[in-house]
Amino acid sequence: MGIFDTVTDALASSTQKAPGTAGNDGSEGAYWCDDCGVRVRDVDVDDEGLDRDDEGTPTCPDCGDAMRFERAAGSGCAC
């Protein structure tokens with residue numbers, strides 16, 4: 001079954017993630033501003049230089065409101 005094995009191998013390798021790609025960097029989700037539509041992954045908040053409110057929640061860089069945290073639903077990218 002040469003062709004079947006080749007197709008199976010190709011499909012299996014296409015679903016594997018390379019080291020350092022999304023999902024392997026410790027991210028648990030993203031912060032969202034519902035009004036502005038701004039999205040910042042949790043692992044990028046400090047790199048983006050976002051301010052935080054008194055509770056430590058990042059604030060939207062556009063409007064200044066506290067952002068809502070949403071967990072990633074699976075192991076794939078939530079982009």
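In what follows, every heavy atom counts, from backbone to side chain, and hydrogens, waters and symmetry copies are set aside.
Here Asp46 pairs with Arg52 in a salt bridge; the nearest charged N to carboxylate O distance falls below 4.0 Å.
When atom types are taken as modelled, the side chain of Asp42 and the backbone of Glu28 share a donor-acceptor pair closer than 3.5 angstrom. Side-chain N or O atoms of Ser27 include none that pairs as donor or acceptor with a backbone N or O of Val43 at under 3.5 Å.
One finds the OG1 atom of Thr59 at 10.5 Å from the CG atom of Asp54 (value rounded to the nearest 0.5 Å). For the atom pair CG (Asp53) and CE (Met67), the distance works out to 11.5 Å, reported to the nearest 0.5 Å. Rounding to the nearest 0.5 Å gives a distance of 12.0 Å between OG1 of Thr57 and CG of Asp65. Rounding to the nearest 0.5 Å places CZ of Arg39 at 14.0 Å from SG of Cys33.
Residue Tyr31 is grouped with residue Leu50 when hydrophobic side chains (ILVMFWY) are merged at heavy-atom distances under 4.5 angstrom, including chains of intermediate members.
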